[in-house]
Structures are given as structure tokens and as C-alpha cells.
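Note that ligands are numbered from 1 as they come in the structure, with each ligand's atoms numbered from 1 the same way. Computed over heavy atoms, backbone and side chain alike; hydrogens, waters and symmetry mates excluded.
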Amino acid sequence: MKTLHLLEHPLAEHIVTHLRDRTTKPATFRTLAYQLTLLLAIDATRDLPTEAKAVDTPLEPTVGRVLAHQPLILIPILRAGLGMVQPFVDLFPEISVGSIGLERDHATAEARVYYSKLPPMRGRRAIVVDPMLATGGSAIQALSLVRAQGATPVKLVCIVAAPEGAAAVQRAHPDVAIHIATLDRALDDRKYIRPGLGDFGDRLYGT
Ligand code: PRP
Ligand code: URA
């Protein structure tokens, strides 16, 4: 099964290039992250179930389709994942938002869970969001927590992925679809994505 989905759209390429640019300031960075996540959210939800609904147009009755009443749960990985919440909330006002706090140790690049608050998820559709998929350690831990609560199906939406991280998630969670805006070259010695865009959280919040 093909689980890695690359967003192929000229606007996505345009936005990624401006996100990479070191001269892009936090306010613009946040706007670009919002716009790109909107595109990713649309792509990652194209399999949402719909149901028939009869409506009257001003001219005649017709039957259209609307989203089925099925709960959708969004789980941002704190802190950088917070920059991807608003586009989902704007598109899907009924969405429930949980959170998982994970932080990479600067020396080892290993992620540690420091916070977790999740709504009931058994049998519910969940989308984990984190802009950066580097070693994959953070995403793998978050997906394990979410799947242990019984969420299904579960997807992962990221902005930048390293090949190493994408492969690691595919190995650990072979049935999780991964949606990304760009697949970069590789990780460097410090486990940063190259060319990447630096530390997403720092650039988002100006820290
Ligand atoms: C970043 C990023 C991911 C993680 C990716 O978070 O937002 O969560 O690194 O790296 P990995 O794939 O190697 O686990 P960071 O730990 O810098 O925390 P922050 O979001 O609080 O800045
Ligand atoms: N986290 C980031 O924010 N950037 C990277 O390149 C790797 C992890």
C-alpha cells in the first residue's frame, strides 16, 4: 500500500520555498504555514465519508452530498504542531482537538513525551499534525499513543519530511497514511532536515 502522499501543487511549492527562506519573519511564516496546512488538510481528508442530503434550490429539489456525521479528531504535537491547528478548525468546525507534548533532546535528538490530553478516540478518525518529520521519533511515539486509544483510521500530516523519518514511520505504522508538502534530501549530523527550514517552532514563535 502506498502510504506516503506528496502534495503536488504549484502553490504548495511556492509556499514551501518562502518558508525555507531564512529572511521570512515569524508573522509571514505563520501565514504561510496556515495556507500550506489548508492545502494539506484538503488533501488528507479527500476520503471522508459523505451521505446524501435532499435540498431545494431556488429552482427545484435536488439531492447533494454532505459530510457524514462522524467525529474527526485532530492531534497537534506540541509545540510546532500548534501552527497547523487553525486551518483544520476553520475547515472542520466540529473537529475535536487533543494534544501531545513531545520534545527532542538537543544532544540525542530523542523525543520525550511531557504532556498528553486526548479526547475519547475509540473507533474515531484521527489526524496527527506536526510540521517536521525528521528522525520520525516524535511522530512514531504520538501515533502509538493515539492508536493505543483505539483511533482508526489514523493519518499523519507534516509539512517537511526527511526520507529517514518517512521510512521509519512507515516501518512502525504501516497502515498510517502520511501526507507531506515536501520530501527533503536527508538529515544532517544534528538530525536537522536538509535543506529544511530550520527549527519550525522557533521560526513560528520567534524564539
Ligand atoms: C520538532 C518538530 C517535531 C520533531 C521532529 O519538535 O516539531 O516534533 O522536532 O523531529 P523527529 O522526527 O526527529 O522526532 P521539537 O522537539 O524541536 O519541539 P518544539 O515543537 O517544541 O519546537
Ligand atoms: N525539528 C525542526 O523543527 N526542524 C528540523 O529540521 C528537525 C526537527
Side-chain angles (χ1 to χ4, degrees), residues 3-6 15-30 32-34 36-37 40-41 44 74-88 97-118 126-147 154-174 176-207:
T3 55
L4 188 64
H5 304 271
L6 178 65
I15 296 171
V16 166
T17 302
H18 286 291
L19 283 172
R20 292 194 197 282
D21 187 341
R22 64 183 305 156
T23 67
T24 299
K25 296 200 165 57
T28 309
F29 193 91
R30 284 193 285 273
L32 293 167
Y34 176 92
L36 189 52
T37 306
L40 282 164
L74 184 73
I75 301 121
I77 300 181
L78 309 181
R79 137 194 86 144
L82 287 174
M84 300 176 75
V85 170
Q86 197 59 43
F88 276 91
V97 183
S99 306
I100 297 176
L102 274 156
E103 190 169 35
R104 291 202 323 175
D105 182 293
H106 280 295
T108 64
E110 272 181 38
R112 172 187 70 85
V113 178
Y114 61 84
Y115 179 77
S116 171
K117 183 110 182 168
L118 299 170
I127 301 176
V128 174
V129 290
D130 189 336
M132 305 304 277
L133 181 57
T135 64
S138 305
I140 290 169
Q141 284 196 53
L143 290 167
S144 297
L145 278 174
V146 168
R147 297 179 75 200
V154 179
K155 293 193 178 198
L156 174 67
V157 177
C158 305
I159 289 178
V160 183
E164 296 91 327
V169 173
Q170 285 178 306
R171 274 195 304 277
H173 297 286
V176 169
I178 310 168
H179 289 259
I180 59 172
T182 175
L183 186 62
D184 275 14
R185 189 176 71 244
L187 294 178
D188 66 15
D189 295 347
R190 293 168 54 229
K191 309 293 183 199
Y192 269 76
I193 303 172
R194 296 296 181 107
L197 47 73
D199 188 306
F200 196 99
D202 283 351
R203 297 201 56 198
L204 190 68
Y205 293 116
T207 49

Enter the distance from Leu19:CG to Thr28:OG1 here, rounded to the nearest 0.5 Å.
10.0 Å

Looking at Ala134, which atoms of ligand 2 are within less than 4.0 Å of one of its heavy atoms?
7 (C), 8 (C)

Option set Arg203, Arg79, Arg104, criterion heavy-atom distance to atom 15 (P) of ligand 1, minimum
Arg104

With respect to Gln141, which candidate in Val113, Val146, Ile77 satisfies the side chain to side chain contact (heavy atoms under 4.5 Å, CB included) definition?
Val113

Taken to the nearest 0.5 Å, the spacing of His179 NE2 from His5 NE2 works out to 4.5 Å

I'd like to know if the side chain of Arg20 pairs up with that of Thr182 as donor and acceptor (distance under 3.5 Å, no hydrogens or angles considered).
yes

Option set Arg104, Arg79, Arg190, criterion heavy-atom distance to atom 8 (C) of ligand 2, minimum
Arg104

Once you round to the nearest 0.5 Å, how far does CG of Leu32 lie from CD1 of Ile15?
6.5 Å

Counting distance only, does the side-chain N/O of Glu103 pair as donor-acceptor with the main-chain N or O of Tyr114 below 3.5 Å?
no

Can you check which of Ala139, Ala80, Gly136 brings a heavy atom nearest to atom 20 (O) of ligand 1?
Ala80

Considering only the protein, which heavy-atom contact is closest to atom 3 (O) of ligand 2, and what is its distance?
Phe200 N, 2.9 Å

What atoms of ligand 2 come within less than 4.0 Å of a heavy atom belonging to Ile193?
5 (C), 6 (O)

When rounded to the nearest 0.5 Å, the distance separating OG of Ser138 from CD1 of Ile100 is 10.5 Å

Return the CZ to CG distance between Arg112 and Asp105, rounded to the nearest 0.5 Å.
8.5 Å

Can you pull out the closest protein heavy atom to atom 18 (O) of ligand 1? Residue, atom name and distance to 0.1 Å, please.
Leu102 O, 4.0 Å

Just jot down the ligand 1 atoms closer than 4.0 angstrom to any heavy atom of Glu103, in number order.
16 (O)

Considering only heavy atoms of Gly137, which atoms of ligand 1 have at least one such atom less than 4.0 Å away?
12 (O), 14 (O)

Whether Arg104 engages the ring of Tyr192 as a cation-pi pair (distance to the six-membered ring centre under 6.0 angstrom, angle to the ring normal within 45°) should be assessed.
yes

I'd like to check atom 2 (C) of ligand 1 in this structure: does the protein have a heavy atom lying under 4.0 Å from it?
yes

So between Val169, Asp130, Leu187, Asp202, whose heavy atom ends up nearest atom 8 (O) of ligand 1?
Asp130

Gap between atom NE2 of His173 and atom CD1 of Ile178 - 0.5 Å precision:
9.5 Å

Ignoring hydrogens and angles, tell me if any N or O in the side chain of Arg30 forms a donor-acceptor pair with the backbone of Leu204 under 3.5 Å.
yes

I need the nearest protein heavy-atom contact for atom 5 (C) of ligand 2: residue, atom name and distance, please.
Tyr192 CD2, 3.5 Å

Contact atoms of ligand 2, heavy-atom distance to Gly198 under 4.0 Å:
2 (C), 3 (O), 4 (N), 5 (C), 6 (O)

From atom 4 (C) of ligand 1, work out which of Ala168, Ala142, Ala166, Ser138 has a heavy atom at the shortest distance.
Ser138

Of all the non-hydrogen atoms in the protein, which one sits nearest to atom 1 (N) of ligand 2, and at what distance?
Met132 CB, 3.9 Å

re atom 5 (C) of ligand 1, the protein heavy-atom contact at minimum distance is Met132 O, 3.3 Å

For ligand 2, which atoms, with element, lie under 4.0 Å from some heavy atom of Lys191?
7 (C)

Could you check atom 17 (O) of ligand 1 against the protein and tell me its nearest heavy-atom contact, residue, atom and distance included?
Asp199 OD2, 3.9 Å

